[in-house]
Amino acid sequence: MSNLEDLYREVILDHYRSPRNRGELTSPPAIRVEGFNPLCGDEVVVYLDVRDGVLVDIKLTGHGCSISQSSSSLMSAAVKGKTIEEVRETIATFKQLMTVPRSSPDEKSEVTPVDLRALGELAALQGVVKFPVRIKCAMLAWNTLGQGLDELA
Amino acid sequence: MAAGHTVTSFDPCRVRADTPLLTRVVHDRTITYLDSAASSLQPRAVIEAMSRYYELRHANVHRGVYQTANEATAVYEGAREAIARFINAPGGANEIVFTKNATESFNLLAKSWGTANLKPGDVVLVTEMEHHANIVPWFQLRDVAGIEVRFIPVTDDFRLDLSNIDELMKDVKLVSVTAMSNVLGTINPIKELAAIAHRCGALLAVDGAQLVAHEVTDVADLDVDFFIFSAHKMLGPTGIGVFWTREETLNAMPPFLGGGGMIADVRIDGYTPASGPARFEAGTPPIAEAAGLGAAVLYLESLGMANIAEHERGLTADALTRLAFEFEGRVRVIGPGDTVSRGGVISLDVEGVHAHDVAQVLDQFGVCVRPGHHCAKPLMRRFNLSATARASYGPYSLVRDTDVLLEALGHAVTMFG
Ligand SMILES: Cc1ncc(COP(=O)(O)O)c(C=O)c1O
């Protein structure tokens, strides 16, 4: 069962059972973006309160599997209080973490290895990459957040 | 031989031995296949029939003069006869149209029969438990032809609610209903629905995709007007489906797809369509798939559909009882709790665990179940669910499969505690 334990780390189960930053913000002024995974019916709504280039507050609602729900909870904890630039960097780093490595180890990987320490608790999601169908679950909230930032611009 | 009623030699262990995929080992465990409602596994006889066609008889069908082309045509047309016998089509093979799958058969029904016979204000009555294949083509027709699509509701105990049927039948020209729900396992009262439809001057179309591999099917006895299914859910290959209607109805339907094979004549000022099933089979048909489907029918007949039905009912009864007792209410079955008018499809809602996580944990035990909405979103909405994990049986299933399912479910429940 080691593969499973790799996927469902304790941190993930914890965020699934008690999700952080759950709730809504009044919109407007907050930005409200919906994300949807038509294949499995997972849904996420992200609320962003951005002031002077800083993500002062973030709230999430929605439903879905443990991977999509814990990923959105972990994301909210990771990006809250950061500047928009830092948030974008975190999104990029997380996307990298979710990129399937080249199958042949000899081949030069185009993906630069991710600094797991910089990711903090988010690193718990690295096991997802071994379950390709679940990557889109983990990415749902992040893509939705990215969309929200694009609306800002 | 009539549709398998007379045969006695049914042994699920033999069926298992006939099915190569069941020897697969995944994650260090022999596979436990519980996803026959999505697609069933092929016995060696089906795979070999397809190989034999490619190795010895490959040629395009119809119009060929040489030996192998004649053999290919015989294989293809032989499958049509086998299907006619299998569902007891009163007019025989002339009433069997081969399509790509059940979904294409529904599109043929809506786009050909529907366009020719329905006018603005006419109603097509479906049910809340339909697969999207029996919903979306009607919405598409609504958008171009102004028909209304109406739904028979589903009761809290997972049956069709016919209490208000007289009112629902107003202006209905076609009732289109699944014989067995691919989510709930519920088997619907098709004979009764046929009587209701006919009394109101409407026709009855039946989605047989789930029923056909699990119960004896007799379209004449059921008195239905259209019957639709896919080969891959009845031990056959993917890529071929069936559309049945009575010969006179079929010959009055306008062509669907156009091209070679479906014409009687083509001139520079137009074309004349062929008659019979050919009218609806444009282009080179799925010949190898028909060979496989023909073999699947022979195989099912040799097992006996009544025997399969009884075997799967036993498995379902056992599973429902154990599910009700082993998880202290944490695992809820979304479907009838007994085996009266119910097939071997068991949808599970595990408290506090999303269906995808259930299926993921089960996969580590080599257990194949399907998580999701099962292409029945109106039904999921009806029961306030976003997804279920669905286990389903086939003729090769054994109580041992249920044992592994329950063991793995127990693990999922503990893990997400
Ligand atoms: C009840 C029912 N109808 C229709 C279909 C569609 O079958 P296919 O995907 O082969 O067209 C399915 C299969 O998922 C089904 O279960």
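In what follows, chains are A, B, ... by sequence order, proteins preceding strands, each numbered from 1. Side chains included, hydrogens not; waters and symmetry mates left out as well; all remaining heavy atoms used.
Close approach to chain B, defined as a heavy atom under 4.5 Å from one of its heavy atoms, is seen in A:H63, A:G64, A:C65, A:S66, A:I67 of residues 58-73 of chain A, taken by number. Proximity to chain A among residues 377-390 of chain B is limited to B:K377, B:S386, judged by heavy-atom separations below 4.5 angstrom. Interface residues of residues 46-56 of chain A toward chain B, defined by a heavy-atom distance below 4.5 Å: none. The stretch residues 12-23 of chain A places A:L13, A:Y16, A:R17 near chain B, each with some heavy atom under 4.5 Å from a heavy atom of that chain.
Residue contact with chain A, scored on non-hydrogen atoms closer than 4.5 Å, is absent for B:V358. Contacts between B:H356 and chain A at a heavy-atom distance below 4.5 Å involve backbone atoms as well as side-chain atoms.
The neighbour count for B:D28 CG, taken as heavy atoms of other residues, nucleotides or ligands under 6.0 Å away, does not exceed 12. Under a cut-off of 6.0 angstrom, the local environment of NZ in B:K100 is sparse, with at most 12 non-hydrogen atoms contributed by other residues, nucleotides or ligands. More than 12 heavy atoms of other residues, nucleotides or ligands shown are found within 6.0 angstrom of NZ on A:K82.
The CG atom of A:L4 lies 10.0 Å from the CG atom of B:D357; values are rounded to the nearest 0.5 Å. Residue A:E5 holds its CD atom at 6.5 Å from CE of B:M415, rounded to the nearest 0.5 Å.
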